[in-house]
Amino acid sequence: MSRLEKTIQKKSKGRKRRFVSKVLFILFMIVNLMVCIFIVDNSAKMMLGEQAYKVEPAIKEIQTFINEKVVYISSTTKEMLGKFNK
């Protein structure tokens, strides 16, 4: 094997390792965030009580907002693709 082939293989392995490490880092941070949110949620419920601390209405409001934006973006994308395909 020539030096060029070896350096190409090393770079390829390095890219694969970086990609895998980035994916693992993102997964680890997602799990970490979920655990932190769970801990904060439980602590808030314990301190404020169930009646004072209600997250569900806020979550539903955010969810409807996100759904509206997704529908708007998808309709705009379809319109643009229709114009480009003509």
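On a predicted model such as this, the values are computed, not experimentally measured, just so you know.
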When you measure from the side chain of Ser43 to the backbone of Val40, do you find a donor-acceptor pair of N or O atoms at a distance under 3.5 Å? no

Whether Ser12 side chain and Ile8 backbone form a donor-acceptor pair below 3.5 Å: no

Atom pair [atom1] ([X]) and [atom2] ([Y]), whose distance is rounded to the nearest 0.5 Å:
| X | Y | atom1 | atom2 | result |
| --- | --- | --- | --- | --- |
| Phe65 | Glu68 | CZ | CD | 7.5 Å |
| Asn67 | Ile62 | CG | CD1 | 12.0 Å |
| Ile73 | Ile66 | CD1 | CD1 | 10.5 Å |
| Lys11 | Arg18 | NZ | CZ | 10.0 Å |
| Glu5 | Thr7 | CD | OG1 | 9.0 Å |
| Leu33 | Phe28 | CG | CZ | 11.5 Å |

Between Tyr72 and Thr76, is there a side-chain heavy-atom distance shorter than 4.5 Å? yes

Contact between Met29 and Phe25 at the side-chain level, heavy atoms closer than 4.5 Å - yes or no? yes

